[in-house]
Number of protein chains: 2
Amino acid sequence: MRSYGQYCSVAKALDVVGDRWTLLIVRELMLRGSARYTDIREGLPGIATNLLADRLRELEREGLLARRPAPPPVAAMLFELTDRGRELEPVLDALGRWGVPFMAEGPCEGDEFRSRWLTWPAEAFLADHEPGAPPATVELNAGGEPVVLEISAGKVQAVPGPVDDPDVSLSASPHTLLGVLSGQIDLATARSRDLELHGDERVIRRMQPLAA
Amino acid sequence: MRSYGQYCSVAKALDVVGDRWTLLIVRELMLRGSARYTDIREGLPGIATNLLADRLRELEREGLLARRPAPPPVAAMLFELTDRGRELEPVLDALGRWGVPFMAEGPCEGDEFRSRWLTWPAEAFLADHEPGAPPATVELNAGGEPVVLEISAGKVQAVPGPVDDPDVSLSASPHTLLGVLSGQIDLATARSRDLELHGDERVIRRMQPLAA
DNA sequence: CCGCATCCGGGGCGATACTG
DNA sequence: CAGTATCGCCCCGGATGCGG
């Protein structure tokens, strides 16, 4: 990207990560840990393949990303963030939190969705209101790979991937799921739409935002 | 900007503020409170005037910015952020902090500079190590308008604008000033370059990062 | 199949000139 | 002062090709 030519840390940051798609690539690598070219692409519906290759090169040149060959059996390349790259987490967090209100309206026509992306809304809405209680896990299913909410010690963390024997499991469309997590839809209404719930409902209330 | 078409809060955020120049415009409005078109432009060296007009319209449409006529004597328009716009502060903070390391190398050839931009490096480096001591102020002068550091109750805040009777006043090139604030250059070395210091040196040590 | 490179059309961006 | 108008360029998007 063309430099802004300003001796300002915000401008310098945008010189590096201000290009279109760049921060979304960082998002995918942050959520996945390490990934192959094709996996990254799957998480970035709409990106042109040459742009992805360009950006990955750029990010590597800037020291935000490293590539290394996958362990022997497979002949593939793995991409992962460097420490400097992972330091962008506060940036993504801030952006993700700021963007949460846009999710309330539901997906726009044609919007793609991956359940990993629920991490920001989830962590923005939720908190553990019973810090003393034993840890609990919630499985979120909105199509594709599930996401797990780990509730313990006053915090709620969202991590991609399945889990064995969650305390409760929610399956619904992304929009309904967000409505439930944000407390804007109660469980009964959500069920009348497309929510399926299995397990202990009380775990939901433990982490939901306090009613308005 | 063309939407990323992803039902993800990070992507939705970037749909709105991911355009080139947009976050820098928000930066200027955040630092200035409210400003006229020409003032904003002065803080964005390099921007094309039609782009600035476009972006301001966009930001207004998105509800991040409002324009209102200036108080009677002057016939001018004032631009200022709405609450929703000011909520971007954590985003700018995160970006600004992440970008600070790029400032260490000094300005690139042709880089423009405004002293307000020192806010992020200043708040990133500094802390009040004598929370009990009475408040103090430091004037930073790097050309153009000065910036004031307000040190009190364990915190250091940087705000644009001059101040009456600061405890200490520093004048130097931006690069030297940053070196001093970050503790990478000691005062003697800085003085041998272009630093001029008036007032109580101890206030500097009160807020400087602890020596390595 | 994985990880690109190439080609091409369209639009966002940059610079300057101009105007109410 | 606060923008519009214009124009060239380059970045981006989409499709396809292609070597390992």
Side-chain angles (χ1 to χ4, degrees), chain A residues 1-6 11 14-25 28-29 32 34-62 65-80 110-112, chain B residues 1-6 11 14-25 28-29 32 34-62 65-80 110-112:
Chain A
M1 132 169 300
R2 167 164 222 198
S3 169
Y4 286 106
Q6 302 183 355
L14 290 173
D15 280 349
V16 176
V17 298
D19 257 322
R20 190 160 164 80
W21 290 107
T22 301
L23 277 176
L24 293 185
I25 293 172
E28 285 304 307
L29 289 167
R32 288 172 178 273
S34 85
R36 295 175 306 170
Y37 186 90
T38 320
D39 299 329
I40 303 176
R41 213 182 146 182
E42 181 273 345
L44 296 168
I47 197 174
T49 151
N50 57 340
L51 268 192
L52 178 53
D54 281 357
R55 295 291 185 266
L56 290 175
R57 244 191 313 270
E58 265 302 297
L59 287 171
E60 192 180 3
R61 227 175 42 86
E62 299 283 356
L65 175 148
R67 72 179 71 200
R68 81 182 145 87
V74 259
M77 205 57 102
L78 287 184
F79 298 84
E80 56 189 359
D111 268 5
E112 296 274 350
Chain B
M1 134 169 297
R2 169 169 215 184
S3 168
Y4 285 106
Q6 302 183 354
L14 290 173
D15 280 349
V16 176
V17 298
D19 258 322
R20 190 160 165 80
W21 290 107
T22 301
L23 278 176
L24 293 185
I25 292 172
E28 285 305 306
L29 289 168
R32 288 173 180 272
S34 85
R36 295 174 306 170
Y37 187 90
T38 318
D39 298 330
I40 303 176
R41 214 182 146 182
E42 181 274 344
L44 295 168
I47 197 174
T49 152
N50 57 341
L51 268 193
L52 178 52
D54 281 357
R55 294 293 185 265
L56 290 175
R57 246 191 310 272
E58 265 302 296
L59 287 171
E60 191 180 6
R61 224 176 45 85
E62 298 284 356
L65 175 149
R67 71 179 73 198
R68 81 183 146 87
V74 259
M77 206 55 105
L78 286 184
F79 298 85
E80 58 189 357
D111 268 4
E112 295 274 351

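Proteins get letters first, then strands, A, B, ... in listed order; numbering begins at 1 in each. What you see below is based on every heavy atom in this structure, not just the backbone, and it leaves out hydrogens, waters and symmetry mates.
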* Find the distance B/L52:CG to C/dG12:C1' and express it as a whole number of Å. => 16 Å
* Is any side-chain nitrogen or oxygen of A/R20 closer than 4.0 Å to OP1 or OP2 of D/dC10? -> no
* Structure fact -> When rounded to whole Å, the CG to P distance for the pair B/L44 and D/dA2 reads 14 Å
* **Side chains of B/R20 and B/L51 in contact at under 4.5 Å (non-hydrogen atoms)** => no
* Classify the ring geometry between B/W21 and A/Y4 as parallel (under 30°), tilted (30 to 60°) or perpendicular (over 60°). => perpendicular
* Structure fact -> Closest to the 5' end of DNA chain C, once A/R41 and B/D19 are matched to their nearest nucleotides, is A/R41
* **Atom pair distance, as rounded to whole Å: CG in B/L24 and P in C/dC13** => 13 Å
* Asked: Does A/R57 place a side-chain N or O at less than 4.0 Å from the phosphate oxygens OP1/OP2 of C/dA5?
  -> yes
* Asked: Does OP1 or OP2 of C/dG12 have a side-chain N or O of B/W21 closer than 4.0 Å?
  -> no
* **Side chain of B/F79 (C-beta onward), nearest among D/dG3, C/dG14, C/dC4** => D/dG3
* May I have the distance from B/R68 (atom CZ) to D/dA2 (atom P), rounded to whole angstrom? => 13 Å
* **Gap separating the CG atom of A/L29 from the CG atom of A/L56, nearest 0.5 angstrom** => 7.0 Å
* To do: Would you mind classifying the nucleic acid contact of A/A53 as base, sugar-phosphate or nothing, using non-hydrogen atoms under 4.0 angstrom?
  => sugar-phosphate
* Nearest listed nucleotide, side chain of A/A76, among C/dG3, C/dA15, D/dG3 -> C/dG3
* To do: Figure out the CZ/P separation between B/R2 and C/dG11, and round it to whole Å.
  => 10 Å
* Below 4.0 angstrom, N of the basic side chain to O of the carboxylate: do A/E60 and A/R57 qualify? -> no
* What's the shortest heavy-atom distance between B/D111 and A/Q6, and which atoms? -> OD1-N, 3.7 Å
* Asked: To the nearest Å, how far apart are B/Y37 OH and C/dT19 P?
  -> 17 Å
* Rounded to the nearest Å, what distance is computed from the CG atom of residue B/D54 to the P atom of nucleotide D/dG3? -> 11 Å
* Given that A/T38 and B/R55 both sit by DNA chain C, which one's nearest nucleotide is further toward the 5' end? -> A/T38
* Structure fact -> To the nearest angstrom, the CG-C1' distance between A/L78 and C/dC2 comes to 12 Å
* How would you label the contact of B/M77 with the nucleic acid (heavy atoms, under 4.0 Å): base, sugar-phosphate, or nothing? -> sugar-phosphate
* To do: Would you mind telling me which of D/dT6, C/dC13, D/dG3 lies closest to the side-chain atoms of B/R67?
  => D/dG3
* Looking only at side-chain atoms of B/R36, point me to the closest of D/dC1, D/dT6, D/dG13. => D/dC1
* Asked: Which nucleotide, C/dA17, D/dG14, C/dC4, lies nearest any side-chain atom of B/T49?
  -> C/dA17
